[in-house]
Amino acid sequence: MRLTPEFYLDKNVVKIARSLLGKTLFTRVDGHVTAGRIVETEAYSWKERGSHAFKGKTGRNAVMFEEGGVAYVYLCYGIHQMFNVVTNHEGIADAVLIRAVEPVVGIEIMKERRGKVINEFQLTSGPGKLSKALGIDRNLNGKSLFQNEVWIEDGGASLSSKKIVSSKRIGIDYAGEDALLPWRFTIKDNLWVSA
DNA sequence: GCAATGATTTACT
DNA sequence: GTAAATCATTGCC
């Protein structure tokens, strides 16, 4: 079951980030469908320094200001694609970064895209890696999650709250005390959660 | 127009 | 543990 628009319009981006754990992210790129179960997310609000939108609307982050339910993809460190889900209403730049997934559909395709011989646990255990495995690139920036290129489905299985761990976010030390917010969510003991 | 830099990964010391 | 890879976006000249 595909997630409804209402899911992305919730005003509490942290709650959405937590809810996305256990959901399945699908992509259809070059005629190949691949999918992964989301095991790690991070919430970003434009009210704190960790977010790209903190300083206001720019050409790159304009997508974040759209209504919830679109993809925000951008290039980081010149090499890695980062995949985010835009949430909240138009004009409010909240987003959830998908940091890691567990391969579900098209594992062979993912291995091919990632190139080198690696074990399955390294296939999608990080934001740059999962984007490459699922064929996500900047062409998907701004795409609606209600079309057939990229979308998220609810697998039906509910996740015990004991399986959800929150911690501070990674790689944004420059954000000062905002870097300490416990807005990173992971599934406990899952092998694909990034280090 | 140009220099600085990052929501990371990978390889090497 | 540390550093290089690598480029679009940003901010300042």
Side-chain angles (χ1 to χ4, degrees), chain A residues 8 12-21 25 27 36 38-66 68 70-88 92-103 110-143 145 150 152 165-187 191-195:
Chain A
Y8 302 104
N12 187 341
V13 65
V14 177
K15 176 178 153 197
I16 294 176
R18 184 189 165 99
S19 302
L20 280 174
L21 288 181
L25 171 66
T27 61
I38 298 169
V39 299
E40 179 171 356
T41 64
E42 283 182 7
Y44 285 90
S45 161
W46 68 331
K47 301 220 179 85
E48 45 88 17
R49 273 195 58 78
S51 171
H52 284 162
F54 177 73
K55 293 174 186 169
K57 195 169 180 176
T58 65
R60 174 173 64 164
N61 66 28
V63 169
M64 293 180 75
F65 288 81
E66 292 187 18
V70 298
Y72 171 46
V73 182
Y74 86 100
L75 187 67
C76 187
Y77 296 100
I79 304 174
H80 305 290
Q81 323 274 346
M82 310 291 251
F83 177 78
N84 299 251
V85 175
V86 175
T87 71
N88 219 320
I92 304 176
D94 286 354
V96 176
L97 169 68
I98 308 300
R99 287 191 58 87
V101 302
E102 174 183 328
M110 295 187 204
K111 283 182 177 169
E112 200 172 310
R113 285 182 180 142
R114 296 272 286 125
K116 302 170 185 169
V117 179
I118 48 177
N119 67 47
E120 293 189 6
F121 306 118
Q122 296 172 357
L123 205 51
T124 54
S125 59
K129 296 192 232 176
L130 80 86
S131 297
K132 187 161 191 188
L134 294 182
I136 293 168
D137 64 25
R138 296 180 338 107
N139 292 327
L140 295 180
N141 189 39
K143 295 281 184 191
L145 300 180
V150 53
I152 297 174
V165 181
S166 66
S167 56
K168 65 177 185 146
R169 291 171 296 173
I170 292 177
I172 56 167
D173 292 341
Y174 62 85
E177 60 185 21
D178 285 332
L180 301 177
L181 293 168
W183 285 4
R184 173 178 178 239
F185 297 96
T186 56
I187 294 183
L191 293 169
W192 280 269
V193 170
S194 66

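Every chain is numbered from 1, with letters handed out A, B, ... down the list of sequences. These numbers were taken from a predicted model, which means no experiment stands behind them.
Remark: P of C:dA8 and CE of A:Met82 are 16 Å apart, rounded to the nearest angstrom. Rounding to whole angstrom units, NZ of residue A:Lys132 and C1' of C:dA5 are separated by 13 Å. Rounded to an integer number of Å, the gap from OH of A:Tyr77 to C1' of C:dT2 is 14 Å. Note: OH (A:Tyr72) to P (C:dT9) measures 9 Å, nearest angstrom. The nearest whole Å value for the distance from the CD atom in A:Glu40 to the C1' atom in B:dA7 is 11 Å. Counting to the nearest Å, the P atom of B:dT8 and the CZ atom of A:Arg184 are 10 Å from each other. Between the P atom of C:dT10 and the NZ atom of A:Lys55 lies a distance of 10 Å, rounded to the nearest Å. Nucleotide B:dT8 holds its P atom 11 Å from the CZ atom of A:Arg169, rounded to whole Å.
A 4.5 Å side-chain heavy-atom check between A:Gln81 and A:Lys132 finds every atom pair outside the cut-off. Residues A:Val150 and A:Ile136 have side chains not in contact (no heavy-atom distance under 4.5 Å, counting atoms from C-beta outward). Side-chain contact between A:Ile92 and A:Trp46 is present, with heavy atoms from C-beta onward closer than 4.5 Å. At least one side-chain heavy atom of A:Tyr72 sits under 4.5 Å from a side-chain heavy atom of A:Asn61. With contacts defined as side-chain heavy-atom distances shorter than 4.5 Å, the pair A:Lys129/A:Leu123 does not qualify.
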Dump every N/O contact between nucleotides 9-13 of chain B and the protein below 3.5 Å, one line per pair.
from   : atom 1 : to       : atom 2 : distance (Å)
B:dT9  : OP1    : A:Pro127 : N      : 3.1
B:dT9  : OP1    : A:Gly128 : N      : 3.1
B:dT9  : O4'    : A:His80  : NE2    : 3.0
B:dT10 : OP1    : A:Arg114 : NH1    : 3.3
B:dT10 : OP1    : A:Arg114 : NH2    : 3.4
B:dA11 : OP1    : A:Lys116 : NZ     : 3.3

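The aromatic rings of A:Trp192 and A:Phe121 sit tilted relative to each other, their planes meeting at an angle between 30° and 60°.
At C:dT9, one or more side-chain N or O atoms of A:Arg138 fall inside 4.0 Å of OP1 or OP2 (strictly under the cut-off).
Contact annotation for A:Gly50: base contact, defined as any heavy-atom pair under 4.0 Å involving a base atom.
Distance from the side chain of A:Arg60 is smallest to C:dT10 among C:dA5, C:dT10, C:dG11. Checked against C:dA8, B:dT8, B:dA7, the side chain of A:Leu75 finds its nearest nucleotide in C:dA8.
Under the 3.5 Å distance criterion, the side-chain polar atoms of A:Asp178 are left unmatched by any main-chain donor or acceptor of A:Gly50. Under the 3.5 Å distance criterion, the side-chain polar atoms of A:Thr186 are left unmatched by any main-chain donor or acceptor of A:Val193.
By the ring-ring contact (aromatic ring centres under 6.0 Å, His included) test, A:Phe185 is found to be paired with no residue, residues two or more places apart in sequence or in another chain being considered.
Between C:dG1 and B:dA7, the two P atoms lie 22 Å apart (nearest whole Å). Comparing the P positions of C:dT6 and B:dC2 gives a spacing of 22 Å, expressed to the nearest Å.
Nearest-nucleotide positions on DNA chain C for A:Asn61 and A:Gly78 put A:Gly78 closer to the 5' end.
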Item checked: Canonical and wobble pairing (Watson-Crick, G-U, under 3.5 Å) of DNA chain B, dot-bracket with | -> ||||||.|||||.
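Stacking here means ring centres nearer than 5.5 Å and ring planes tilted less than 30 degrees, and by that measure A:Tyr44 stacks onto B:dA7.
When each of A:Lys168, A:Arg18, A:Arg169, A:Glu42 is paired with A:Trp183, the side-chain contact (heavy atoms from CB on, under 4.5 Å) condition holds for A:Arg169 and for no other.
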